[in-house]
*Asks:* 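A single structure is presented below for examination.
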Amino acid sequence: MIQSIPYGRQDVTEEDVLAVSNILKSDFLTQGPTVPQFEDDIARYCSASYAVAVNSATSALHIALLALGVTRDDFVWTSPISFVASSNAALYCGASIDFVDIDPDTFNMCPVALESKLHFAAKSNLLPKVIVPVHLAGASCDMARLYEIASFYGVKIVEDASHAIGADYRSCKVGSCQYSDVTVFSFHPVKIITTGEGGMAVTNSSDLANKLRLLRSHGITRSQSDMIKKPDGPWYYEQIDLGFNYRMTDIQAALGISQQKRLDIYIDVRNEIAQSYSCKMSSLPIKLPHVSEHGRSSWHLYIIRVPPQSHLKVFNSLRSDNILVNLHYIPIPMQPYYQRMGYTMEGLPNAIEYYHSAMSLPIYPTLSELDQERVAEAVRRHTK
Ligand SMILES: *Cc1c(COP(=O)(O)O)cnc(C)c1O
């Protein structure tokens, strides 16, 4: 039988295995010295002042919104074309979520749509506290533009960079937080680098970093400057907020440190695959992914658009050739849970069109040239 090609997969080396097994034989499995080391590596990599490691990007989004003061009285806006976690995080805070349509070329939150939606929201006093732009497929949103628009209305920004660690924006790394309050990364196995499960929040604000650390671990502090009362002994600690157990383990952090060493190589290879795909498929009746003018994408996904009338047929044909194409994502407001709350696709025409034509082709660092050709050949055959 011909082997199937998944849309994404992790790359774990012998070096990774060794790094993890060393931790298993050490004194600390969790909350030891390895998590802060991984945090330093990521902060330094993207030139952010602080990094806080957690057990998933979903947790990072949740505590980032809480740290920015999001409560049940607030609105949070995100992109309808994202994984549900981008939106669910706001619901965890009791806040209301709303969606800003995507740009039809970049598939990211559309600055023009944002500006007009904010304009109307301001009039009715329904401005969001935070927007969560998503760097879909690994290409950064136009953050300078989004920042300019959001700042005018006093709206804060959390970047969902789950796809985009290693990507550039205006010659900075995504995560530099030049145009946002917090940026969030995911280390799920399909993402650029992995810790099994895991995530990270980076920020340039020491105040936000402190809040994130507090919320990651039960709201407990051991730092005297944060305490309400006077310690009555060396055992003393205080719970000063309601936090969670969102900690990353040292086992995960060791894998992350080891993986991070290959991050730039991964980005190079993903860029090569994307270029090669675009070359091989340039004359087909499909829309190739937009190449950002703002900086290099991390190419977490390679998303093509096929005409809506052949979308299902092409998708099924590729799947039956054991090329496991996928669709990232079903628009969040179309999910039954969201529909039950009354959400519709009204005002989101670009997201609807996207859903009826988008398809993610396999892309990952160990995808062989032979397999790339097999994918391109199949797409060629099925779209003719
Ligand atoms: C994967 C992903 C998440 C959630 O990441 P986890 O680490 O699995 O919690 C959030 N947003 C986007 C856009 C994602 O792709």
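Just the heavy atoms: all of them, side chains too, but no hydrogens, waters or symmetry mates, feed the values below. Counting convention: from 1, in listed order, for ligands and their atoms alike.
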*Asks:* Checking contacts here: is it the side chain or the backbone of S162 that comes within 4.0 Å of ligand 1, counting heavy atoms only? Could be both or neither.
*Replies:*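 The answer is the side chain.
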*Asks:* How far does CD of E377 sit from NZ of K280, to the nearest 0.5 angstrom?
*Replies:*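 Reported value, rounded in 0.5 Å steps: 11.0 Å.
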*Asks:* Could you check whether Y343 and F99 have their ring centres less than 6.0 Å apart?
*Replies:*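 F99 vs Y343: aromatic centres under 6.0 Å.
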*Asks:* Hey, are the side chains of M281 and T383 touching, using non-hydrogen atoms and a 4.5 Å cut-off?
*Replies:*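 A side-chain contact is absent here, since even the closest heavy-atom pair is not under 4.5 Å.
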*Asks:* Quick one: which ligand 1 atoms are inside 4.0 Å of a heavy atom on V134?
*Replies:*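 Numbered from 1, ligand 1 contributes 13 (C).
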*Asks:* Please evaluate residues D226 and S223 with respect to the criterion side chain to side chain contact (heavy atoms under 4.5 Å, CB included), reporting the C-alpha separation (whole Å), side-chain torsions for both, the decisive distance (0.1 Å), and the verdict.
*Replies:* CA-CA 6 Å; D226 294 329; S223 137; 3.4 Å; yes
*Asks:* Considering only the protein, which heavy-atom contact is closest to atom 14 (C) of ligand 1, and what is its distance?
*Replies:*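 In this structure, atom 14 (C) of ligand 1 has K191 NZ, 3.2 Å as its nearest protein heavy atom.
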*Asks:* Does D160, backbone or side chain, put an N or O under 3.5 Å from an N or O of ligand 1?
*Replies:*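 Looking only at distances, the answer is yes, because the N/O contact criterion of under 3.5 Å is met.
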*Asks:* Of the backbone atoms (N, CA, C, O) and the side-chain heavy atoms from C-beta on, which set of T58 has a member under 4.0 Å from an atom of ligand 1: side chain, backbone, both, or neither?
*Replies:*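 Both backbone and side chain.
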*Asks:* For the pair R296 and D268, find out whether any cationic side-chain nitrogen is under 4.0 Å from an anionic carboxylate oxygen.
*Replies:*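 Between D268 and R296 there is a salt bridge, with a charged N closer than 4.0 Å to a carboxylate O.
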*Asks:* Testing Y355, Y329, Y354 one by one against F107 for a ring pair (Phe, Tyr, Trp, His ring centres under 6.0 Å), which residue passes?
*Replies:*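 Result for ring pair (Phe, Tyr, Trp, His ring centres under 6.0 Å) with F107: Y354.
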*Asks:* Taking 4.0 angstrom as the limit and counting only heavy atoms of F83, give me the atoms of ligand 1 inside it, by number and element.
*Replies:*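 Going through ligand 1 atom by atom, the ones under 4.0 Å from F83 are 2 (C), 3 (C), 4 (C), 12 (C), 14 (C).
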*Asks:* Heavy-atom contact under 4.0 Å between S82 and ligand 1?
*Replies:*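 The answer is yes: ligand 1 sits under 4.0 Å from a heavy atom of S82.
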*Asks:* Can you spot which of D181, D74, D98 makes a salt bridge (charged side-chain N to carboxylate O under 4.0 Å, His left out) with K129?
*Replies:*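 Option passing the salt bridge (charged side-chain N to carboxylate O under 4.0 Å, His left out) with K129: D74.
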*Asks:* Yes or no: does H328 have any heavy atom under 4.0 Å from an atom of ligand 1?
*Replies:*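 It does not, in that no heavy atom of H328 comes within the 4.0 Å cut-off of ligand 1.
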*Asks:* At a 4.0 Å cut-off, with the gap strictly under it, does some heavy atom of S59 reach an atom of ligand 1?
*Replies:*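 No, S59 has no heavy atoms under 4.0 Å from ligand 1.
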*Asks:* Are the ring centres of F38 and F187 closer than 6.0 Å?
*Replies:*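 Yes, the ring centres sit under 6.0 Å apart.
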*Asks:* Under a 4.0 angstrom heavy-atom cut-off, which atoms of ligand 1 come close to G198?
*Replies:*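 This gives 7 (O) as the contact atoms.
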*Asks:* Using a strict 4.0 Å cut-off to heavy atoms of Y329, name the atoms of ligand 1 that fall inside it.
*Replies:*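 Heavy-atom distances to Y329 below 4.0 Å select 15 (O).
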*Asks:* Below 4.0 angstrom from a heavy atom of S86, which ligand 1 atoms are there? Numbered from 1 as shown, please.
*Replies:*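 Near S86, meaning under 4.0 Å from one of its heavy atoms, ligand 1 has 11 (N).
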*Asks:* Just by distance, no angles: are the side chains of T106 and H290 close enough, under 3.5 Å, to form a donor-acceptor pair?
*Replies:*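 The answer is no; no qualifying pair exists.
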*Asks:* Starting from atom 15 (O) of ligand 1, which protein heavy atom do you reach first, and at what distance in Å?
*Replies:*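 Ranking protein heavy atoms by distance from atom 15 (O) of ligand 1, first comes H163 NE2, 2.7 Å.
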